[in-house]
Amino acid sequence: MAKYRDEDYEYEEERVAPKKKKSSGSGSGSKSGKKSSSKKSSGSTSSSARKGSGKKSSGKKSSKKAQAKKQRRRIIIFIIEIIILIIAVFVLYSVMSGTKSGKLDLDEDDIIINEQVVEAQETTMKGFRNIALFGVDSTTGALTKNTRSDTIMIASINQDTGECKLVSVYRDTYLNLSNDSYNKSNAAYAKGGPEMAISMLNLNLDLNITDFVTVGFAGLTDTVDALGGVSIEVDDVEISHLNNYQLCIAEDLKRTYTPVKSAGKQMLDGLQATGYCRIRYTAGDDFRRAERQREVLSAIADQAKKASVTQLTETANAVFNEVYTSLDLTEIIELLGNVNSYYISDTSGFPQESNRVNARIGSKGDCVIPLSLEDNVRWLHQFLFDDSSYEPSDDVKRCSEQIYNETNGYIKK
């Protein structure tokens with residue numbers, strides 16, 4: 001039986017903005033090689049996004065450093081659950097066998113954070129931690145770059161309450177890749193790895209992400225099976241696609257599989273859950289697929305909370321060999337005891353349904369167009385941070401205008 005394959009994304013080799021050295025007296029320089037934000041010519045539409053002002057100076061009191069360290073430790077408690085849960089979301093075309101990518105020490109100087117977001121970190125975004133979750137498409141085990149991030153999620157955690165909200169950023173969303181070239185959002189990871197993909201999210205969505213987890217799916221089946229499966233409502237139209245996908249995965253893993261034979265609420269095993277996450281050839285297309293991924297994520301959250309610390313620790317050790325992340329496994333394992341303090345309260349997709357349209361943008365292919373990036377960012381900050389009066393940054397407004405200019409002629413009126 002032929003394997004399902006999603007169509008490749010198409011993007012032109014965009015001109016990357018030339019690197020510019022930071023001046024010796026400036027703390028707000030442009031990210032080198034990331035975007036042309038530091039050009040100052042009159043009338044220029046280049047980005048004013050920057051990161052430097054968001055970093056704490058060495059003159060800050062040690063108490064603030066201790067507080068930041070404490071906040072990070074609280075987040076690490078949740079990361080073990082995130083690592084286990086996102087495996088179900090990040091379903092790829094082939095197995096990342098033997099990949100041991102481990103930890104990446106991100107250079108925060110390479111990460112863009114819009115200047116106005118620095119102020120929001122002390123007001124409307126205070127107490128929230130945002131983490132990027134990437135699922136990449138690679139047949140060679142590459143998790144670092146030169147591979148698509150077909151799943152892009154943001155986990156936003158309220159550190160005071162333990163509440164977590166998940167947002168899928170649709171992989172074909174037409175955005176600024178963070179270097180003032182515009183394309184499908186999944187091209188950012190292919191071009192510049194997690195640094196560029198995180199900068200893409202921060203620049204377009206007014207976020208302050210500095211941590212990430214990238215996952216292949218070699219450990220997906222075993223993870224779901226170790227947790228006893230996941231309870232999912234399967235529709236009649238999904239059965240044939242689910243079985244075809246899990247057949248392909250079973251062939252790659254050299255395992256037998258159990259076909260799903262009937263619709264309804266049922267416990268899916270690892271291969272079945274993986275197949276379910278891959279379904280896109282039904283009504284709703286990729287939007288529905290992202291929704292299925294969030295359904296499985298939530299279902300595994302329920303199962304993970306029933307697991308013992310020993311069971312979670314063993315699973316985390318197995319999964320970490322196939323994870324590329326800015327977080328330490330030792331920190332994660334050390335703080336497993338409080339995993340039940342966190343819960344997923346709501347999930348959604350970006351751009352929101354009422355403010356997006358599909359259109360084919362020349363050689364870049366079929367894209368998801370945010371009709372107004374500004375309005376979508378207003379909605380996002382309401383959804384994640386309960387901020388009903390958020391005003392997008394100048395950087396977001398610039399990107400919103402450019403997206404309109406580049407796509408309006410392709411949108412059917």
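Values in this document were obtained by computation on a predicted structure and should not be read as measured data.
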For Glu374, is there an ion pair with Arg398 - N to carboxylate O distance below 4.0 angstrom? no

Rounded at 0.5 Å granularity, tell me how far CG in Asp110 sits from CE in Met196. 12.0 Å

So, Ser156 and Arg129: side-chain donor and acceptor under 3.5 Å apart, yes or no? no

Here's one to test your reading of the geometry: is the NZ or CZ of Arg356 within 45 degrees of the ring axis of Phe287 and under 6.0 Å from its centre? yes

Will you find, in the side chains of Asp387 and Gln382, an N or O donor that is under 3.5 Å from an N or O acceptor? no

Do Tyr276 and Glu295 meet the criterion of a side-chain donor-acceptor pair at a distance under 3.5 Å? yes

Students often mix this up, so state it plainly: with edges at 30° and 60°, are the rings of Phe385 and Phe128 parallel, tilted or perpendicular? perpendicular

Minimum side-chain heavy-atom gap Val234-Ile239 below 4.5 Å: yes

If you measure only the distance, is there a donor-acceptor pair under 3.5 Å linking the side chains of Asn176 and Asn204? no

Cation-aromatic face contact Lys165/Phe383, 6.0 Å, 45 degrees: yes

Lys364 and Tyr182: side chain donor to acceptor below 3.5 Å: no

Check the side chains of Asn202 and Asn208 for a donor-acceptor pair under 3.5 angstrom, ignoring hydrogens and angles. no

Between Leu371 and Ile411, is there a side-chain heavy-atom distance shorter than 4.5 Å? yes

